[in-house]
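These notes are about the structure you will find just below.
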Amino acid sequence: MGVEKKFGKPFGNLNSMKTNFFDDNDGMLEMADGMAKVLSEQPVRKTCKICGSVLDKPLFYSHGLGYIECGSCGHLNSEFEDTDVFASKVYVEDDYSKNYSAQDRAGYEKRLQSIYVPKAEFLQDCLQKENAGKIKILDIGAGCGYFVAAARKLGMDADGIELSQNQVDYGNAMAGEEILTHVGLTGSIDYIRQTDANVISAIGVLEHLIHLDENLDAVRGNQNIRYLYASVPMFSFSTAFEAANQHCYNRHTGGTHTHLFSNESVARMAEKIGFEVAYEWRFGSDINDLYRFLRVSIAKNGNPEFASYFSEKFVPLMDKLQLVLDESEFSSELHFILRRK
Ligand SMILES: [Zn+2]
């Protein structure tokens with residue numbers, strides 16, 4: 001069976017959500033540089049994170065790190081391994097106050113509607129085409145529970161597991177019910193092994209799993225699981241835009257992203273667990289990154305007013321430009337649904 005493909009998603013009001021990327025470029029850059037330094041102290045990566053092939057020399061260097069394209073599956077691997085030590089140093093607990101304000105609640109609701117409901121709708125639409133019957137989702141790395149809440153809103157049965165107790169507390173408070181459970185560092189593996197859910201979802205999670213293989217093995221071993229829904233960062237134009245703009249914050253290739261997927265590495269990952277790629281939805285933020293780099297550079301060069309002038313011309317074109325990049329199948333983010341063969 002072929003892969004059903006969907007392209008594009010309007011940025012809409014997403015630009016307004018990450019203003020610190022624009023206003024605090026230097027602070028964000030410093031944070032990412034700090035993470036790169038921690039990564040550079042880890043063991044050299046010898047084999048591809050996805051297919052295990054022996055890695056060659058870096059294809060390029062960006063923000064102090066070499067990146068190696070796997071000769072076999074095209075996965076982009078940083079030259080150093082992500083390890084438990086790396087994870088313990090770079091994943092810092094966000095600070096959530098215990099007294100959530102009305103502003104928190106409005107922000108939560110806005111993020112839920114604009115970002116997570118479309119992701120849940122995509123899953124629901126695809127599984128209807130599959131005649132998958134009653135859906136039960138286990139969301140791993142659920143964070144503040146946005147995806148779980150969105151899936152429930154659409155009438156699907158969904159629960160989440162999450163490492164951060166603060167995010168579990170925040171997500172459950174916002175949802176008004178216990179939709180998230182706290183698990184330890186390798187707790188997700190036991191959960192996946194034992195779940196009676198037929199769908200595992202992992203939105204922006206797989207790339208952060210130090211023990212990715214063990215998690216995938218657990219999916220393979222549990223026959224209840226028929227589908228894996230995930231979004232992952234891709235080796236893409238954003239990578240090149242970042243490599244060309246070393247004074248700008250690298251959201252995509254760097255920080256906690258120590259490796260980036262390729263179309264082939266996603267397919268290999270599916271194959272490894274006895275699944276196949278069934279549906280893809282590709283919409284990146286490459287143009288958003290390019291726009292940010294141009295704006296930051298124009299302002300840094302002493303022309304803050306011209307940065308605003310440029311924005312007025314450029315912003316209305318961004319959805320169209322991004323769609324061109326998405327359709328090339330080399331853009332920064334891919335949502336996919338894998339089906340058990
Ligand atoms: Zn590979």
Side-chain angles (χ1 to χ4, degrees), residues 3 5 35-36 39-40 42-84 86-87 140-141 188-189 192 200 202-221 228-240 242-243 250 252-282 284 286 328-341:
V3 181
K5 298 179 179 186
M35 291 179 180
L39 189 60
S40 72
Q42 307 311 309
V44 168
R45 200 195 289 274
K46 296 200 172 75
T47 57
C48 174
K49 175 98 180 172
I50 298 302
C51 79
S53 296
V54 174
L55 294 171
D56 202 353
K57 277 201 270 302
L59 175 65
F60 65 93
Y61 290 84
S62 182
H63 295 269
L65 291 171
Y67 290 91
I68 309 158
E69 184 187 24
C70 172
S72 176
C73 78
H75 198 74
L76 191 72
N77 297 269
S78 62
E79 61 179 329
F80 301 101
E81 267 179 31
D82 51 333
T83 60
D84 289 322
F86 173 75
I140 65 169
S188 63
I189 298 167
I192 295 169
I200 296 289
I203 308 298
V205 171
L206 299 181
E207 65 275 20
H208 300 299
L209 295 178
I210 307 301
H211 304 281
L212 176 61
D213 277 339
E214 289 96 317
N215 281 274
L216 291 173
D217 279 346
V219 173
R220 173 207 272 276
L228 173 65
Y229 178 35
S231 81
V232 293
M234 303 291 286
F235 180 25
S236 64
F237 289 107
S238 274
T239 307
E242 288 172 341
N250 50 321
H252 191 62
T253 318
T256 59
H257 290 173
T258 62
H259 60 111
L260 297 173
F261 285 80
S262 70
N263 299 328
E264 180 61 24
S265 72
V266 169
R268 291 284 187 90
M269 183 172 67
E271 214 171 274
K272 227 164 49 168
I273 57 170
F275 283 52
E276 62 190 345
V277 182
Y279 300 88
E280 288 180 354
W281 183 15
R282 203 179 293 267
D286 308 79
S328 80
E329 303 197 7
F330 192 67
S331 67
S332 69
E333 192 180 6
L334 179 68
H335 284 66
F336 57 80
I337 299 173
L338 309 183
R339 178 203 295 130
R340 189 181 288 273
K341 285 204 264 198

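Numbering of ligands and ligand atoms starts at 1, following listing order. Predicted, not measured: the structure shown is a model, and the values here were computed from it.
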Geometric class of the F330/F237 ring pair [parallel <30°, tilted 30-60°, perpendicular >60°]: perpendicular
N, O or S atoms of the protein lying under 2.8 Å from the Zn ion (ligand 1): C48 SG, C51 SG, C70 SG, C73 SG
Between H63 and Y61, ring centroids under 6.0 Å: no
Pair listing, salt bridge (Lys or Arg N to Asp or Glu O under 4.0 Å) test, anchored in residues 259-271, at least two apart: E264-R268
Under 3.5 Å: donor-acceptor pair, side chain of R340, backbone of R220: yes
Sequence-distant partners of E79, salt bridge (Lys or Arg N to Asp or Glu O under 4.0 Å), two or more places apart: none
Any residue meeting salt bridge (Lys or Arg N to Asp or Glu O under 4.0 Å) with D213, in chain and number order, not counting sequence neighbours: K272
